[in-house]
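Working notes for the structure below.
Quick note: residue numbers are just sequence positions, from 1. Hydrogens, waters and symmetry mates play no part in the numbers below; they use all other heavy atoms, side chains included. Keep in mind that this is a model prediction, so the values were computed, not measured. Remember, it's 1-based here, ligands and their atoms both numbered in the order they're listed.
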Amino acid sequence: MPDDQRTLAPSPLQATLESIVGPANVRTDAASLELAGADIWSHGTDLPALVVAPATLEELASSVAAISAAGLPIAPRGAGMSYTGGYVPGAPNTVSLDMSRMNAILAIKPEDMVVTVQAGCTWAALNAALAPLGLRTPFWGPMSGLLSTIGGGLSQLNAMFGAGHYGTSSESVVALTMVLADGSILRTGGEHPFYRHYGPDLAGLFCGDCGVFGIKAEITLRLMRAPAHEGYASFAFPTGEAMLRALAEVARAGIACESCAFDPGLTRVRMKRASLAGDVKTLGAVAARQKSWVAGALSALQIVRGGRSFIPDDGYPLHLVFEGRSAAGVREDVAAAERIALAEGGIKIENTIAKVIRAMPFPPLNSMLGPAGERWAPIHGHVALSKAPAMFAEIQSVFAGLAGRFEAAGISTGYLFTHLATNAITIEPVFYWPEARFAVHEAGMEAAHLARLPVLAANPAATALVREARALVLDIFTKFGCTHYQIGRTYPYRESRDAASWAFLEATKATLDPGGLLNPGVLGLAPRTR
Ligand SMILES: Cc1cc2nc3c(=O)[nH]c(=O)nc-3n(C[C@H](O)[C@H](O)[C@H](O)COP(=O)(O)OP(=O)(O)OC[C@H]3O[C@@H](n4cnc5c(N)ncnc54)[C@H](O)[C@@H]3O)c2cc1C
């Protein structure tokens, strides 16, 4: 990145922002600009001119009004745990809006079953506050939830905890308080947030918008009582296609609240990364999650006995979590899943990983790099249940065609699979390749883990090959009519819209952000020239 870009911060704006949020919360140092200038996958076109971190709705609205009056692009950033170019600058002199200080839980109302948070609150913090009350949100976080924010999750949408029953993060939204590009405030829902629907669904317009329509400032989510009973089951399948047929049937049956499946490649990576210290922490967490100390001790013993040898080397393991109001209901769901799995040629294996996923939902984000310090980047498609096996077969065949080039470049691949309510399967191919890490890795991973990994040199040739392979996978996603979370600047959203939808989206953008300042280029909305 050219050094001269760091000197472009317009000082009158900087002084105004400092008067709004305090001088310590306006940053122009190289490290802060570098951190905001790249996500986990790539750098933006430019470094940001400065980073501003408001702490309240009023500070946010005044900051956005000032930046907008100066005519500069604005890039909201939650925890920066994404990899589709969503928050990186797409134009010179971008101001990066750091939402991390807006991390408060504003109100928990068990009597009305809603919780209101500032958009920079993490999923881990929200769950820690709700757990003692026996409450949670229906969708309750992505695996990155230790750091990733609820505002980021609603802007990109999320898979994982609770998604098997309740779908994605936005399906829990009751109301949003938005700050628009000119600094004005838009509130969705009723006068006091307790129920989402009152006329057209304005909240829905901002969910999955990747920040192009406005900045989420405050978010009210629906609460539910945390289910009293849990169950776990894991199965291994001889092929990915058989596993996907079973997962589709589990989804149709609506029996598992979470699922997580891997291919043999990803299983190997996960096993390499796990450490003895990690095992001890994991055992403690799994034991603590069980209803009695006897059940806890038995679970820990089961893990120790099973070690890591319980997954066949070439199998496709599927891990399922179940929850419900009665133990008998959960047992019935587990039994139904077992019948489905066996009918597709699955075998029952130790349910250790399913238990660990629930016991430690938000682990440190050390999987942002591979076990030998390699870079990591996933790409995903949500596909109709019936089409998942065929789509997986096509991706595999593309990777088989690239195998020689992958091997020469040191690139390895794996897959993660999950389901979304009763409607979709997510197939997520992931790439590992030798390449230098970014500031976001240093900031997001545990220092002790990072210190054990080698520092790799820049390797643009390997990255170019990963880019080429990602493009081929995107073509397959398009062919199968996939939808995507985290659209950012990666997924071909615009190309998949009919003319009327696109005209509506452009008109909405022109109304809410007439200067085209918010995340220009994201979702395929072209930056306006000023
Ligand atoms: C190790 C790891 C595990 C992951 N696991 C999962 C998983 O299980 N499920 C899953 O779905 N994803 C997962 N992710 C992807 C990612 O973490 C999620 O998409 C997460 O929701 C991003 O949140 P964030 O706060 O980091 O958002 P950011 O990356 O900071 O931003 C994402 C987008 O939202 C916009 N944005 C952020 N905050 C606001 C706001 N307040 N108002 C308007 N726009 C805003 C940004 O401009 C950007 O376009 C994982 C990532 C990692 C690194």
Side-chain angles (χ1 to χ4, degrees), residues 35-36 38-41 44 54 57 60 64 73-90 94 96-103 117-124 139-163 168-170 176-181 206-219 258-260 273 357 361-370 376-380 382 416 418 420 426 428 430 440-441 443-445 484-490 513 518-523:
L35 180 62
D39 65 7
I40 292 170
W41 162 243
L57 173 63
L60 174 65
V64 170
I74 304 171
R77 183 180 189 273
M81 291 296 106
S82 53
Y83 24 77
T84 56
Y87 65 81
V88 299
T94 295
S96 176
L97 198 57
D98 171 4
M99 297 298 291
S100 64
R101 290 180 68 229
M102 291 189 65
N103 59 3
V117 297
Q118 287 185 310
C121 177
T122 65
W123 291 99
F139 174 88
W140 53 281
M143 282 190 274
S144 56
L146 183 68
L147 300 178
S148 71
T149 66
I150 298 168
L154 285 181
S155 300
Q156 292 200 321
L157 307 179
N158 286 131
M160 202 52 205
F161 293 109
T168 185
S169 38
S170 68
L176 300 175
T177 300
M178 301 294 305
V179 169
L180 303 183
F206 297 106
C207 294
D209 74 339
C210 296
V212 299
F213 288 153
I215 317 293
K216 287 159 199 77
E218 296 175 359
I219 297 162
E258 281 113 55
S259 64
C260 191
R273 186 187 298 114
I357 288 171
F362 306 127
L365 276 80
N366 295 331
S367 53
M368 279 165 70
L369 289 176
W376 162 88
I379 188 159
H380 74 271
H382 309 308
L416 195 141
T418 188
L420 300 169
T426 304
E428 184 168 88
V430 302
V440 68
H441 299 104
M445 293 171 64
H484 309 278
Y485 294 158
Q486 310 179 32
I487 296 166
R489 295 185 173 89
T490 296
D513 177 17
L518 295 175
N519 276 344
V522 165
L523 291 195

Sub-4.0 Å heavy-atom contact, [X] with ligand 1:
X	answer
C210	yes
V522	no
S169	no

Check [X] against ligand 1 and report side chain, backbone, both or neither, counting heavy atoms closer than 4.0 Å.
X	result
F213	neither
N519	side chain
Y83	side chain
K216	both
P76	both

| query | What atoms of ligand 1 come closer than 4.0 angstrom to any heavy atom of I215? | reply | 42 (N), 43 (C)
| field | Atoms in ligand 1 flagged as close to Q486, the criterion being non-hydrogen separation under 4.0 Å | value | 12 (N), 15 (C), 19 (O)
| field | Polar side-chain atom of S170 near backbone of L154 as donor-acceptor pair, under 3.5 Å | value | no
Are the side chains of [Y] and [X] in contact, using a 4.5 Å heavy-atom criterion?
X	Y	answer
L420	Y485	yes
L157	C207	yes
S96	Y87	no

| field | Check against ring pair (Phe, Tyr, Trp, His ring centres under 6.0 Å), F161 and W123 | value | CA-CA 11 Å; F161 293 109; W123 291 99; over 10 Å; no
| request: Output the distance between atom OG1 (T418) and atom CD (E258), rounded to the nearest 0.5 Å. | output: 8.0 Å
